[in-house]
Amino acid sequence: MSDNMQIDSPSPQEIDEGLYSRQLYVLGKEAMLKMQNANVLIIGLNGLGIEIAKNIALAGVKSLSLYDPHPVELRDLSTQFFLSEADDGKPTDQVSAVKLRELNAYVPISVVENINEETLLKFKCIVSTNVTLEEQVRINQITHANDIGYINADIRGLFGQIFVDFGDKFTIVDQTGEEPLSGIISDIDKDGTVTMLDDSRHGLEDGDFVKFTEVEGMPKLNDGNPHKVEVLGPYAFKIKLDESFGTYKKGGQYTQVKVPKDLKFEPLLEQLKNPEYLISDFAKFDKPPQLHIGFQALHAFKTKRGRLPAPYHLEDANEAFRYAQELATQNKNIVEELDEKYLKELFYQAQGDIPGVVAFFGGLIAQEVLKCCSSKFTPIKQWLYFDSLESLPSEKEFPRNAENNKPIGSRYDGQIAVFGKTFQDKIFDLKVFLVGAGAIGCEMLKNWAMMGLGSGPNGKIFITDNDSIEKSNLNRQFLFRPKDVGKNKSDVAASAVQAMNPALKGKIDSRLDKVGPDSENIFDDGFWKNLDFVTNALDNVEAREYVDRRCIFYKKPLLESGTLGTKGNTQVVIPNLTESYSSSHDPPEKSIPLCTLRSFPSKIDHTIAWAKSLFQGFYVEAPESVNLYLSQPNFVEQSLKQNPDKKGTLENISKYLNERPYTFDDCIKWARLEFENKFNHDIKQLLYNFPADAKTSTGEPFWSGPKRAPTPLKFDINNKDHFDFIVGGANLLAFIYGLKEPSATVEDYKKVLDNITIPEFKPKTGVAIAATEAEAEEQANQLSGSFDDEEVRKIAASLPEPSTLAGYRLTPIEFEKDDDTNHHIEFITAASNCRALNYGIETADASKTKFIAGKIIPAIATTTALVTGLVCLELYKVVDEKDDIEQYKNGFINLALPFIGFSEPIKSVKGKYGKKEFDTVWDQIVIEDDITLQQLLDKFQKEDGLEISILSYDVVVLYASFFPAKKNQERLGKPISELIKMVSKKEIPSHLKYLVLQACCEDEDGEDVDIPPISVKYNP
């Protein structure tokens, strides 16, 4: 690879962004276009095969073909969610194809009649599951010789195996999928050492490539060619330079360039002898060689016996182990000593079929298929082995033997083969609460349906989601179909999984209530106490933290998970054992400094944030202020006393009422004048305050580093961004005033624009523009002047009397990012790009603008499937009520790398008061009587030698040692409930059974002592 290289860009094609929008932010358009030219074949449509097929169909390839003529059997229903008992005896592929066709109209689904060489040569990638080792070798010899991707996978109970071969030379276009790193340069010396500005970390690694822009004094460096990096430290890197590049003067930015990387894969026959492993669990780094032999031993057993070992049948396990010993002897380079106990567990479970393992591998393998089709992200090289033996229940309570684990002729035989009938019965009778029915919620419900969770006499599944189905959901929330758009998620999801497993009919309670403080009368004390555990399927931290607090209060296990593109995580929260979800927090997002946002943008993110703020000001805040003025008596006198920007608010109300448009032509004129103000006059004013040659107090150029000297824009109707600003701005203004929106053509706009008189710019003196964040904050503080300021009163006097506009109201806009016809993203994109043009920043298309302005969470079905699989493997441990924290696992994955990691949950912290130890997360002091305040104080004094100095409920203080003695004396004899009503001046909601108090205490030495929350029983 040369140090300098050119990279070609793809040709444009059509992609349904309404359907694929969230996935596009993960994969990118180039990868999606490649996928749309790829034909994929799935051989074997057991649970794993259909999970892979489902994820690939949702992702969108050119075509998906199936091969599995085997007749459907009842045991296939353990994990094959597209089959029913009515399909018994029918060809598996034919039945599956019908259901798969419903997922994505853009992906044709067909069934192939055979898998000879002629058939195999038609595909870009081929996946096989549940086929013989000899068949795998035959298929792989054809695929490897013809540059066709090949993946084989097998699942045996809680064990799984993947093999990947993408040929002698597989080119990866983008190894990680991360946004390219970029930064501002402070210096480049003659040796090629590049130093960062303001000690900013560059984040690069040795061998990365970067390109440069805006470097003054070194024009050759700005030619767009990538340069290879040698990292010197976190704030500097080196590139190869010679005298022809010139001498650095100032300025410049670097941007990381993704360069292709070639990988060489070996065929299956070679890899069987000399395997290369990707470790899936570093706590089990010694297990892949064992399983490499073990899975081959299972193939040998099946070849000789025509079946797999029977569940927990000792003789079958011994025979399979003998085959493993023979293989180990022949392949001493693979493993020196076999772990007999570990391998026999594999053989015992060989007929097992577990929904969680299927979901985990189905997501992982489908992503490998997409890598093969798109050349994006790093593939598995070449074997991955996995087990979740920690999920096995206690043998003492749930014995595993040939009798308890034998097939009983049910759809759950694949699960019974691993866990046994007694444990399966416990799964049937679980009562669980699923909060959210989106992407994770859909996958979770599907897995639960396959498990039979909640389907027993005492079982129940509660689901709630207050959202409705949108088109963009269909790409990853697989229980929904186009006909469901507009319907309630929870109701549709419940119906879908009841169709998958009829035993759930009458066992799912679907609701539309948002879980939060406002619905505590619905999700009340009785509701929470009735549950066995809770599972979150939420997309925001605030809701997660609320559910976490409820689980802490009622001491319920919580299964938590989340995804972000190819990344995912799982967390298990166990009462009195682990920390809670809220015990740790991600660092807050970095905010954009005010001075950067207002005057000195250097990135497209800055201009998009500015444009979103402009949208909010024009179409949300201003009309809301107008409506408040028109509807609230004394609005000017009362409300503005609390408003720091009195002048700005009043000016907006005056402008929106005194200068309101009456026709759509007026809206066009308004938008054109705002264009001139924002992108010409304001820029000229900035340059008036800080001319291009301005110096700082130290004599340095003012316009340097992140500060980019802007250029005023001259309106050009032929410039798309200029014109879109007018179109979007005019239509949005017409909307808030209730004006009819005509179908105006470009000529209609041109006719109006040609007749507008544009005022000349006149610089204003005395206008302060903040050059630093400190100055911006100081100016914000200075906005809060006295209300009787002469200028403010003058503006207030200009406002029309509300009585003259009785009933008149504006319509504030509610931002909606996914409707391409409402002009919201059109306006923000145009405004952002026009500002970017002011400052010489590369513009962004509507898709990227929507992503940033709409704060969209990138999502893809593969990650969601994998994450829910891991959650379900932890679910078995929760059902078993394991009390050993080492048995639980929090998961962290990144399918792009690929990386799979696990860690033991963090233990909850223990505290102590007096002689009592307590769990600082989970414990409460429960008092079963509505005692008086005096009795409460005496109780702690007598039992623990503690003096309560402050006692509070919610946001009110009930008692404090520093209160006047008379005030406290009046309160001592009152029951806690009466005291709360008296102090808060509110009634206590009748659904509350306990009143939770917080207390600050001191011991006999006057030292502060932490105690748990105090829960006092309440009988309304």
Side-chain angles (χ1 to χ4, degrees), residues 5-42 52-65 103-110 120-127 143-144 146-151 164-180 257-265 363-381 475-476 565-566 845 847-848 851 858-863 894-898:
M5 53 191 308
Q6 297 285 355
I7 298 174
D8 296 326
S9 58
S11 57
Q13 260 178 280
E14 286 299 315
I15 293 176
D16 186 345
E17 293 192 17
L19 176 66
Y20 292 117
S21 62
R22 303 309 187 263
Q23 181 175 295
L24 269 166
Y25 297 125
V26 181
L27 298 174
K29 189 172 183 179
E30 181 181 355
M32 286 281 295
L33 291 172
K34 286 184 178 179
M35 285 161 47
Q36 289 184 357
N37 287 310
N39 300 309
V40 177
L41 171 65
I42 308 288
I52 298 166
K54 177 260 290 182
N55 293 330
I56 293 171
L58 289 172
V61 291
K62 183 177 182 180
S63 73
L64 180 61
S65 298
L103 292 179
N104 191 341
Y106 293 108
V107 181
I109 309 292
S110 62
L120 296 178
L121 291 176
K122 298 175 182 177
F123 298 96
K124 172 68 176 175
C125 188
I126 297 169
V127 182
T143 61
H144 192 86
N146 292 280
D147 197 27
I148 298 168
Y150 177 63
I151 302 168
V164 176
D165 171 20
F166 288 169
D168 285 331
K169 183 182 177 183
F170 179 75
T171 301
I172 312 169
V173 174
D174 182 349
Q175 297 173 59
T176 67
E178 299 294 332
E179 279 291 310
V257 177
K258 301 293 182 81
V259 297
K261 179 181 179 180
D262 292 336
L263 290 183
K264 178 179 172 61
F265 290 81
L364 187 59
I365 295 162
Q367 190 64 57
E368 294 303 301
V369 173
L370 301 185
K371 291 174 186 178
C372 178
C373 296
S374 68
S375 298
K376 185 157 188 173
F377 305 142
T378 305
I380 291 171
K381 197 165 182 291
N475 174 238
R476 65 199 184 284
T566 59
D845 61 15
S847 178
K848 183 172 182 177
F851 176 65
I860 191 168
T862 51
T863 312
N894 186 342
L895 292 179
L897 298 179

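These values consider heavy atoms only, across backbone and side chains, with no hydrogens, waters or symmetry-generated copies.
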List the steps and the verdict of side-chain contact (heavy atoms from CB on, under 4.5 Å) for Ile860 and Gln23. CA-CA 5 Å; Ile860 191 168; Gln23 181 175 295; 4.0 Å; yes

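- Counting heavy atoms from C-beta outward, Tyr106 and Asp16 have side chains that approach closer than 4.5 Å.
- Note that CZ of Arg476 is 10.0 Å distant from CG of Leu19, once rounded to the nearest 0.5 Å.
- Side-chain atoms of Lys371 come within 3.5 Å of backbone atoms of Leu895 as a donor-acceptor pair (strictly under, hydrogens ignored).
- By the 4.5 Å heavy-atom criterion applied to side chains, Asn37 and Lys124 are not counted as neighbours.
- The two residues Cys125 and Ile151 come nearest to each other via the heavy atoms SG-CD1, 4.2 Å.
- Heavy atoms only, all atoms of each residue included: Cys372 and Gly149 are closest at SG-CA, 3.7 Å.
- In this structure, Ser21 and Phe851 have side chains that are not in contact, with every pair of non-hydrogen atoms separated by 4.5 Å or more.
- Going from atom CD1 of Ile109 over to atom CG of Asn104 covers 8.0 Å, rounded to the nearest 0.5 Å.
- Between Lys376 and Leu370, the closest side-chain pair of non-hydrogen atoms is not below 4.5 Å.
- For the 3.5 Å distance criterion, the side chains of Thr863 and Thr566 fail to qualify, holding no donor opposite an acceptor.
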Is there a side-chain contact (heavy atoms from CB on, under 4.5 Å) between Asn894 and Glu178 once you walk through the steps? CA-CA 11 Å; Asn894 186 342; Glu178 299 294 332; 4.3 Å; yes

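- The side-chain heavy atoms of Val61 and Val369, taken from C-beta on, include no pair separated by under 4.5 Å.
- Taking OG1 of Thr862 as the start and NZ of Lys54 as the end, the distance is 9.5 Å to the nearest 0.5 Å.
- We find the CD1-OH distance between Ile15 and Tyr20 to be 8.5 Å, quoted to the nearest 0.5 Å.
- For the atom pair CD1 of Ile126 and CG of Leu120, the computed distance is 4.5 Å after rounding to the nearest 0.5 Å.
- No side-chain heavy atom of Ser375 sits less than 4.5 Å from a side-chain heavy atom of Thr171.
- Side chain of Asp845 to backbone of Ser847: a donor-acceptor contact under 3.5 angstrom is found.
- You'll find the side chain of Thr378 stays beyond 4.5 Å of the side chain of Leu897, heavy atoms only.
- With values rounded to the nearest 0.5 angstrom, Glu17 atom CD is found 9.5 Å from Met32 atom CE.
- Here the closest non-hydrogen pair linking Ile42 and Ala53 is CG1-CB, 4.3 Å.
- Nearest approach of Met35 to Leu27, heavy atoms of both residues: SD-CD1, 3.6 Å.
- Asn39 and Ser63 share a donor-acceptor pair across their side chains, judged by distance under 3.5 Å alone.
- Using the six-membered ring where Trp is involved, Phe170 and Phe265 have ring planes that are perpendicular, over 60° apart on the 30 and 60° scheme.
- The two residues Ala57 and Leu103 make their nearest non-hydrogen contact at CB-CD1, 4.2 Å.
- With a 4.5 Å cut-off on side-chain heavy atoms, Ile52 and Glu368 do not count as touching.
- The shortest heavy-atom contact between Val26 and Phe377 is O-CZ, 3.7 Å.
- Within the 3.5 Å criterion, the main-chain N or O of Leu58 finds a donor-acceptor partner in the side chain of Asn475.
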